[in-house]
Amino acid sequence: MLGLRRVFLLRPCSSRLAQNAAMALKAGDPLPDITLIRKNPDDKVSLPDVFGKKKGLLFGVVAAFSPTCQNDQLPSFLNHLDKLKSKGVETVACLSADNHFVMNAWAEQCGVAEGKIMMLCDVKSQFAKQTDLQLDLIEVLGNVRNKRFLALIHQGKVQHINVEPVSSESKLTNAENALEWL
């Protein structure tokens with residue numbers, strides 16, 4: 001685990017990624033119009049269509065099955081889903097650069113029942129690159145990943161966003177933080 005922490009903390013994004021003129025995602029920004037995969041490659045959805053005009057939460061994980069994602073971040077949303085829904089949240093979605101096989105297995109292992117949390121796959125890391133939330137873990141995990149983040153979405157726009165300064169932690173990007181916003 002120490003090796004992963006070192007990469008999370010010290011590795012800058014490659015100049016190849018920096019060439020994409022990505023803008024940091026902030027409150028007031030619309031969601032990027034990217035296509036994501038849900039259960040299988042034929043089950044595609046655009047990110048704006050996931051939320052439509054609804055109020056929702058989008059949280060980004062570094063990697064399914066990784067300790068912080070598995071033990072802290074995803075369980076916080078499962079444990080507080082009823083409270084979030086009672087505060088008007090209609091959609092909760094988890095975004096990862098993992099493929100649909102990994103995300104399906106992770107959802108099953110964690111007890112994410114159909115309709116509770118939408119598991120979204122972004123295998124090309126389009127979201128991370130377009131929103132300047134990329135974490136270069138090519139040498140460790142094989143591709144660019146999302147920084148760990150949490151965003152409150154309403155009417156297709158970001159209302160609030162938190163990004164973890166240390167990607168191996170989930171202090172600002174769990175359901176408790178979302179409840180403070182609602």
Side-chain angles (χ1 to χ4, degrees), residues 1-2 4-13 17 22-32 34 36 47 50-51 54-98 103 106-107 110 112 116-122 125-137 140-141 144-182:
M1 186 63 191
L2 184 58
L4 280 177
R5 273 209 177 103
R6 189 171 289 155
V7 172
F8 287 157
L9 296 172
L10 300 178
R11 185 174 170 95
C13 289
L17 294 175
M23 299 295 291
L25 191 65
K26 62 188 179 311
D29 287 348
L31 290 171
I34 58 172
L36 303 166
L47 187 56
V50 167
F51 294 97
K54 299 181 250 180
K55 182 186 289 187
L57 294 169
L58 176 64
F59 65 99
V61 298
V62 176
F65 295 106
S66 65
T68 304
C69 302
Q70 172 92 11
N71 300 327
D72 299 327
Q73 196 177 19
L74 180 59
S76 79
F77 288 94
L78 287 170
N79 294 335
H80 291 88
L81 197 56
D82 290 337
K83 285 182 188 174
L84 293 167
K85 299 276 182 177
S86 75
K87 299 271 188 177
V89 172
E90 298 172 74
T91 301
V92 178
C94 174
L95 179 67
S96 178
D98 290 301
M103 290 295 280
W106 189 42
C110 293
V112 179
K116 283 191 171 192
I117 296 176
M118 188 180 297
M119 306 300 271
L120 300 170
C121 309
D122 183 15
S125 300
Q126 299 171 85
F127 181 87
K129 293 172 186 175
Q130 288 185 28
T131 60
D132 199 26
L133 290 172
Q134 70 267 14
L135 184 63
D136 187 346
L137 295 177
V140 178
L141 296 175
V144 171
R145 299 294 176 132
N146 294 307
K147 290 181 181 177
R148 189 175 313 282
F149 72 90
L150 168 63
L152 174 63
I153 311 299
H154 190 242
Q155 297 187 351
K157 293 187 177 185
V158 175
Q159 299 298 304
H160 297 280
I161 185 165
N162 282 353
V163 180
E164 289 291 346
V166 178
S167 288
S168 60
E169 296 178 351
S170 181
K171 295 179 179 178
L172 303 173
T173 55
N174 55 45
E176 292 85 358
N177 300 112
L179 286 167
E180 291 175 10
W181 293 339
L182 299 170

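- What you find for R148 and V61 is that their closest heavy atoms are NH1-CA, 4.4 Å.
- Taken to the nearest 0.5 Å, the CD atom of Q130 stands 12.0 Å off from the CG atom of D29.
- For residues 54-74, the set of pairs meeting the salt bridge (charged side-chain N to carboxylate O under 4.0 Å, His left out) definition, not counting sequence neighbours, is empty.
- Distance alone, capped at 3.5 Å, places no donor-acceptor pair between the E164 side chain and the K147 backbone.
- Residues satisfying the salt bridge (Lys or Arg N to Asp or Glu O under 4.0 Å) criterion with K171, sequence neighbours excluded, are E169.
- C110 contributes atom SG, which lies 13.5 Å from atom CZ of F77 (distance to the nearest 0.5 angstrom).
- Of the inter-residue distances, the one linking L25 atom CG with L31 atom CG reads 7.5 Å to the nearest 0.5 angstrom.
- In this structure, SG on C94 lies 12.0 Å from CG on L57, to the nearest 0.5 angstrom.
- The line from CG of L95 to OG1 of T131 is 8.5 Å long, rounded to the nearest 0.5 Å.
- Nearest approach of S96 to A63, heavy atoms of both residues: OG-CA, 4.4 Å.
- No donor-acceptor pair closer than 3.5 Å links the side chain of N174 to the backbone N or O of S76.
- Residue L120 holds its CG atom at 7.0 Å from CG of L47, rounded to the nearest 0.5 Å.
- Between M103 and C121, the shortest heavy-atom distance links the atoms CG-SG, 3.6 Å.
- Applying the ring pair (Phe, Tyr, Trp, His ring centres under 6.0 Å) criterion to F149, with sequence neighbours excluded, gives F127.
- With contacts defined as side-chain heavy-atom distances shorter than 4.5 Å, the pair P165/L172 qualifies.
- For Q159, the side chain to side chain contact (heavy atoms under 4.5 Å, CB included) partners are L152, H154, K157, not counting sequence neighbours.
- A donor-acceptor pair is defined here as one N or O able to donate and one able to accept, closer than 3.5 Å; no such pair exists between the side chain of T173 and the backbone of S170.
- Screening residues 81-91 for salt bridge (charged side-chain N to carboxylate O under 4.0 Å, His left out), with sequence neighbours left out, gives no hits.
- Side chains of F59 and I117 form a contact here, defined as non-hydrogen atoms less than 4.5 Å apart.
- In this structure H160 satisfies the ring pair (Phe, Tyr, Trp, His ring centres under 6.0 Å) test together with W181, sequence neighbours excluded.
- When the options L150, L58, L133 are evaluated for a side chain to side chain contact (heavy atoms under 4.5 Å, CB included) with I161, the one that passes is L133.
- Side-chain contact check for L74 versus W106: some heavy-atom pair is nearer than 4.5 Å.
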